[in-house]
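So you know, we letter chains A, B, ... as the sequences are listed, proteins then strands, and number each from 1.
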Amino acid sequence: MNIHEYQAKEIMNQFGVVNPKGEVATTPEQAEAIARSLGTNSLVVKSQIHAGGRGKGTFTNGFKGGVHLCKTASQARDITAQMLGQTLVTHQTGPEGRLVRKVLVSESVDIARELYFAIVMDRTLSAPVIIASTEGGMDIETVAAQSPEKIIREPIHPTLGIQPWQTRKLAKKLGFGSSDMRGACRMFASLYKLFMANDCSMVEINPLVQTKGGEVLALDAKFNFDENALFRHPEIQTMRDVEEEDPREVEAAKYNLNYIGLTGNIACMVNGAGLAMATMDIIKHYGGEPANFLDVGGGATESQVTEAFKILVADPNVKAILVNIFGGIMKCDIIAQGVINAYRTLERKEQRLVPLVVRLEGTNVEQGKELLKNSGLPLLAADDLADAARKVVNAVK
Amino acid sequence: MAILIGNNTRLLVQGITGKAGSFHAKGCMEYGTNVVAGVTPARGGELFEDKVPVFDTVGEAVATTGANASMIFVPPEFAADSIMEAIDANIPLIVCITEGIPVADMMRVKAAMVGSKSRLIGPNCPGIITPGQCKIGIMPGYIHKPGGVGVVSRSGTLTYEAVWQLTQRGVGQSTCVGIGGDPINGTSHTDVVRLFNEDPGTEAIILIGEIGGTGEEEAAAWIKSHCDKPVAAFIAGSSAPEGRRMGHAGAIVSGGKGTAQAKVEALRDAGIEIAETPADMGDAVLRARSRKR
């Protein structure tokens, strides 16, 4: 789950992570009021969308840049007016871009140095690791590829947590002097506390800056949260902005379906994440393009199967559907009945119907195949996985 | 012969009175697994299915019944605590089926395992089965057949697919181990391959992996220098986009790391027979077997 920059600032403020003063605005007037209250003549207005590359982005109305520096409150108001309600296209949004509904108005600081600081959960060590570099403001993967010696890695003990000596070691490696290391140490400790307390899977501060006055600030923050732990963080759940997410995925989540939208034309419905991925792979192997990843889980009900079907056919790109079920806990006859019901429901509503290839295996497979055969539905039964993939790829040709 | 479980396994089920726990405990009993005890706090003294005694704590259950393996069906909020309780009771094999345990909780579990006498399989896994002898988990038993192929996988239904392809070709399995789809788990691909390599009952191995992490690459390196049995492999997720979590929390490609391509290259470099598609897994094992290492 992702959150907006202004929400990240709220969390940082709670944990004492120093960052530029600022607030979120949804109208130009609000932006003006916030700019005035900041009492400075170096201001920045930033579009709030869940995508990077905002500064170099362009709005579809021709306005250039999703991030603008300005000096007065009335300039902040005018810039905000040009951004709100407009679609911003960056290298991460795709050509369709993202609608800007909010902007962040904050003070802009005099930067002396830009650093990189992140905490990630390392699966090999089974512990958090701090990754830092003096090369801030750049893509860390680029730094790792071009100058690996500039990447600092500091593993944190899984139960002891970060120790004060580790923050001092990091401060020195990042080039802080005796007189200004205290602020840096405090910042590192606070970020670690934030990371653990919120069950983050990643906290990335890029850049972490030192101002000309010697202050250490988190200028931009990206947080990722462990979805498995969201149940114990209701306050973070409320930060979810469904407007920023794929509407198909939002709909699927309502029915506890694990769906990820892709750009191809062959929809698939599979039980189990590994088999769902493998089904996408084999579609591609035979020359097709998957329209989605969909794992209906180990114990899907008839109604979940029906809802899954509706989501698949609602995608206008979809030209055929492949159902691939290996029944374990899930019984093939239940799946077959779900498919039949969904098809009938869609028929009644005169919705668009597309060719359907069904491959069933496992528990109660004979009953399932019998149900499908007797249903009279215009579907193609497949004997095995390869047969299913070939049939569905042929169906869209 | 087989690895980890067999006719001598005495199984304890943590969370035996819950919906999933009771359903699958029955499934294991029907397969022939010797289920000797159940644990549900505050339900001690009950009998499950009129024969299996239920205890309040794992310690009491082990002391009374001599259980030497545990299967965990406790909900994700409490599962890490249950694993640690089993570690404290010195249970040699702990199989955690639960899906959705917070990563930070698993980090603490891993710390608790250091220096312990226990091996953890999972979490978020289908379990482990030695066909014809013992099943600990949620897999459909009848698709398996006793034999000589060791199966290790991060996925559930994809493993069933591989097992079924083998069984249909008349090829049986020594033991099938689902290590789970989470980023932090108890047992790695390498750990299981190592056990199969030492097991006289295993003649060939199939390793099923997926995008994310470096577990498959590590297994490839170990196999290259140590394994003297034929190995086949399949990696799922070659069509997955970067930065998206594909169902399993562990299945995510980020920063160009953990791609299917990198894994396949490492495996191929170790002399492992690659299944080009998931429909080719059974045949890949046959090809590996006919090729001498």
Side-chain angles (χ1 to χ4, degrees), chain A residues 121 123-124 126-128 140-141 144-145 157-159 196 199-202 226-232 258 260 262-264 270-286 289-290 293 295 297-299 324-330 361-363 384-389, chain B residues 20 23-24 76-77 99-108 110-112 126 138-140 142-143 153-161 164-165 181-184 208 210-215 218 234 236-241 244-251 255-256 260 276-280:
Chain A
M121 194 56 96
R123 53 201 290 168
T124 313
S126 304
I140 195 67
E141 276 87 28
H157 191 283
T159 51
M196 290 308 294
D199 276 294
C200 294
S201 48
M202 183 185 76
D226 175 9
E227 307 256 344
N228 287 353
L230 282 178
F231 71 86
R232 56 190 177 204
N258 200 340
I260 293 171
L262 302 166
T263 53
V270 189
N271 66 327
L275 190 60
M277 267 191 280
T279 304
M280 289 162 46
D281 296 346
I282 199 167
I283 288 171
K284 205 150 185 164
H285 180 83
Y286 284 107
E289 280 294 331
F293 166 94
D295 169 14
N324 180 24
I325 301 293
F326 203 111
I329 317 166
M330 184 180 263
E361 198 59 79
T363 311
D384 58 39
L385 194 42
D387 185 41
Chain B
F23 179 80
H24 292 291
E77 303 92 299
E99 177 179 356
I101 303 178
V103 179
D105 291 9
M106 279 311 300
M107 177 181 91
R108 292 183 191 102
K110 286 285 270 192
I138 61 176
M139 62 291 274
Y142 74 91
I143 62 171
S153 171
R154 265 162 78 181
S155 148
T157 45
L158 186 57
T159 317
Y160 309 164
E161 180 75 45
W164 185 236
Q165 287 175 23
D182 278 3
I184 298 182
I208 301 160
E210 58 193 35
I211 51 169
T214 53
E218 285 152 23
F234 174 71
S238 58
S239 59
R244 299 304 306 267
R245 157 178 160 166
M246 287 287 150
H248 289 161
E276 295 295 339
T277 75
D280 184 40

From B:S239 atom OG to A:H285 atom NE2, the distance as rounded to the nearest 0.5 Å: 12.5 Å

Contact leader toward chain B among A:R232, A:M121, A:E227, where contacts are heavy-atom pairs under 4.5 Å: A:R232

Flag, side chain of A:D281 to backbone of B:S238, donor-acceptor distance under 3.5 Å: yes

A:F231, part contacting chain B, at a heavy-atom distance under 4.5 Å: side chain

Interatomic spacing from CD1 in A:I282 to CG in B:D280 - rounded to 0.5 Å: 8.5 Å

Heavy-atom closest pair, residues B:S155 and A:L275: OG-N, 4.1 Å

Residue, of A:A229, A:A389, A:A278, that accumulates the most heavy atom pairs under 4.5 Å with chain B: A:A278

Chain A contact via B:I143 - side chain, backbone, both or neither, heavy atoms under 4.5 Å: side chain

Side chain to side chain donor-acceptor pair (under 3.5 Å) partners of A:N271, counting only residues at least two apart: none

Atom pair CZ (A:R123) and OG1 (B:T214), whose distance is rounded to the nearest 0.5 Å: 7.5 Å

Worked check of side chain to side chain contact (heavy atoms under 4.5 Å, CB included) between A:T363 and B:Y142: CA-CA 9 Å; A:T363 311; B:Y142 74 91; 4.0 Å; yes

Segment of A:M280 engaging chain B (4.5 angstrom heavy-atom cut-off): both

Interface moiety of A:T159 toward chain B, non-hydrogen atoms closer than 4.5 Å: side chain

Portion of B:M107 that has a non-hydrogen atom of chain A nearer than 4.5 angstrom: both

Contact class of B:E77 relative to chain A, heavy atoms under 4.5 angstrom: both

Any residue meeting salt bridge (Lys or Arg N to Asp or Glu O under 4.0 Å) with B:E276, in chain and number order, not counting sequence neighbours: B:R268

CG on A:N228 to CG on B:D182, rounded to 0.5 Å: 6.0 Å

Part of A:I283 lying under 4.5 Å from any heavy atom of chain B: neither

Check: B:P241 and A:L262 side chains under 4.5 Å, non-hydrogen atoms: yes

